[in-house]
Amino acid sequence: MSKLTEIRWHGRGGQGAVTSAEVMGLSAIEEGKFAQAFPSFGPERRGAPVLAFNRISDSEHIRMRSAVTQPDIVVVLDPGLLGIIDVTRGLKEGGVLIINSSKSLLDIKSEFEGPWTLAVVDATAIAMEVLKIPIVNTAMLGAMVKVTGVVKLESLAEPLGERFGKLAEKNIAACRRAYDEVSIAAQGAVSQRPEKTFGEVTWPSWQELLPGGVVTDAGNARSYRTGDWRSDRPIWDHDRCIKCGVCMLFCPEGCVEQNEQGYFEANYYYCKGCGICARECWTQAITMVEEAKA
Amino acid sequence: METLALYVPRLLEKKENFAPGHRACSGCGEALAVRMVMKALGKNVIVVMATGCMEIISTQLPYTSWEVPWIHTLFENTAAVASGVVAGREALTRKGKASSRTKVVAMAGDGATADIGVQALSGALERGHDFTYICFDNEAYMNTGIQRSSATPFGAATTTQPVGKISMGQNTWKKDMPAIAVAHNIPYVATASPSYPFDLMNKVKKARDIEGPAYLHILSVCPTGWRTPSDLSVRIGRLAVETGVFPLYEVENGKYTLNIDPPQLRSVEDYLKLQGRFKHLTPEMIKEIQEKVEAKYAELVEKVLFYDGF
């Protein structure tokens, strides 16, 4: 029986989780292994949470085609997802959890320690320094290879070169830095899974749906949060605001509202942080502030 | 720039008939356009919508962003379904069970309008049903991953017309859908852009209040497919008008009016250089586009002047 390793990547649309999985799969094939790489996402768009999966087998064809529900390895590309999705769901005992975060291993440990190996790397900082853009997929690949040894670091070079062309060198550099900088906690210190509850949606069963998929509750999308897609948030400077309302006019979400004093504010439950309001504001009263610093 | 008449809140309908919580990309120009259209239409409408980005981002079971009756259709039969809804409304009105003032509005993307649904649309316009058809034109099949449509402009890179040794992006010119609508001799045809919100909302109201078919063509900037930063959506829409790439005009019973007529057109380069889909263009291609845009614009101005003579 050959060893089958299952990997789940958590990212956001446009962050490169799917590319990570592809490069990982190609690297394994490079080493003569068998591999699958495939994404899973709904019709959500840029910024929405997405999943990508890998299956890697040492010596046998992989017949399974379903989504990975009990991964050996979980990689989290976006620290913002930690609060909204249960990233450890189904993670096997003795598995590996790798998180991109600017927090120290100690801080992360208190929240995500469990019967698995925990590793933390500040991939965003590495990406900003090396690539000058906050796309962390290649850095996370480096960290993941270091912690798990699923493939060798050298095997990543060719698929990365093929995928990124001119930008390959920088991406390989980011990969190497993360490989060197990832901090790993000793495994198995805690056998308890962290208890977390998330405001998960309960879906109606098919018996409860009306024929034809009719929805009778008009505008019920209002209960759906899109605010967690945001990486920057608009902040209004009331000294510069002339209360003209252009921000309200041009918001694609329709989430800018006027408060009692006549100033405008975004409803962060919906705001996706596109930045149109800040760009269109005549008096430049709106600035986009990085979500982590707001 | 359009006179925004400071203090938007006094002029703008507050009610959102297109509810937030929809799943469009951040900075989506089409979601912005739909939101403005719904503000202008009010609640007494039935929306018939073709498959496309707007449909799947706004109606993911069990959620809906629509505050009005809304029905899903396929790419090819939006206008046909709208015709049927109009006929149903008329039958119910005769029986005293519905109001003839309830407007039927068909909405579709450029693929569903200019490619797949054009025969149904042509039929419905020709038969003269009392409905408004709105095309949200983001210049490719963005929903399925940026494939070219016949509304994709010359030179734009798409996933089916990529840039390489053989292809330099789209090799044909954008299909002139409003002109096709005008050729049906319908009472009202207009182009609009969410970057000129009050112009857009006035046109929607006009189309709604006209008896008979009306056609609106709205340019919707797509940050994902046009490869632009999400905060530039409104600015790029404005540049499309200022450069003459997408002039805003209306045709009422054959009479042309230019709504935004800049004293001097900006160079198309200002519009093209902001978009990743055009970044491969050579100076010759830009020159070609400039000439074509100027010629089309001159043609339009000529039509406007011709009708001014009467």
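The shown structure was predicted, so the numbers you read here are calculated from the model rather than taken from an experiment. In the text below, chain A, chain B and the rest are named by the order of the sequence lines, each starting its count at 1.
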Shortest non-hydrogen separation from [X] to [Y] and the atoms involved:
X: A:Phe250; Y: B:Pro194; answer: CE2-O, 3.3 Å
X: B:Phe198; Y: A:Leu249; answer: CE1-CD2, 4.0 Å
X: A:Ala221; Y: B:Ser65; answer: CB-OG, 3.4 Å

Give the interface residues of residues 66-76 of chain B toward chain A, defined by a heavy-atom separation under 4.5 Å. B:Trp66, B:Glu67

Can you tell me how far apart [atom1] ([X]) and [atom2] ([Y]) are? Round to the nearest 0.5 Å.
X: A:Lys272; Y: B:Cys28; atom1: NZ; atom2: SG; result: 7.5 Å
X: B:Ser233; Y: A:Glu280; atom1: OG; atom2: CD; result: 9.5 Å
X: B:Asp231; Y: A:Ile286; atom1: CG; atom2: CD1; result: 12.0 Å

If the contact rule is any heavy atom under 4.5 Å from chain B, which residues of residues 164-173 of chain A qualify, in numerical order? none

Assess the residue pair B:Thr59 and A:Val215 against the criterion (side chain to side chain contact (heavy atoms under 4.5 Å, CB included)); give the C-alpha distance rounded to whole Å, side-chain angles, the decisive distance to 0.1 Å, and a yes or no. CA-CA 9 Å; B:Thr59 60; A:Val215 179; over 6 Å; no

Determine the option with the most heavy-atom pairs under 4.5 angstrom with chain B, choosing from [options].
options: A:Cys255, A:Ala278, A:Cys251; answer: A:Cys251
options: A:Gly275, A:Gly212, A:Gly219; answer: A:Gly219
options: A:Gly273, A:Gly254, A:Cys277; answer: A:Gly254

Relative to chain B, which segment of [X] carries a heavy atom at a distance below 4.5 Å: side chain, backbone, both, or neither?
X: A:Glu253; result: both
X: A:Cys271; result: neither
X: A:Asp217; result: backbone
X: A:Phe264; result: side chain
X: A:Arg222; result: both

Within the distance-only criterion (no hydrogens, no angle test), does the side chain of B:Ser26 pair as donor or acceptor with the backbone N or O of A:Cys274 below 3.5 angstrom? no

Which portion of B:Arg235 sits near chain A, non-hydrogen atoms under 4.5 angstrom: both

Which atoms of B:Met38 are under 4.5 Å from chain A, going by heavy atoms: the side chain, the backbone, both sets, or neither? neither

Give a yes or no on this: more than 12 heavy atoms of other residues, nucleotides or ligands lie within 6.0 Å of atom NZ of B:Lys15. yes

Could you work out, with ring pair (Phe, Tyr, Trp, His ring centres under 6.0 Å) as the rule, every residue matching B:His280, not counting sequence neighbours? none

Most contacts with chain A, counted as non-hydrogen pairs under 4.5 angstrom, among B:Lys14, B:His22, B:Glu16, B:Met36: B:His22

The criterion is side chain to side chain contact (heavy atoms under 4.5 Å, CB included); which residues satisfy it with A:Glu260, sequence neighbours excluded? none

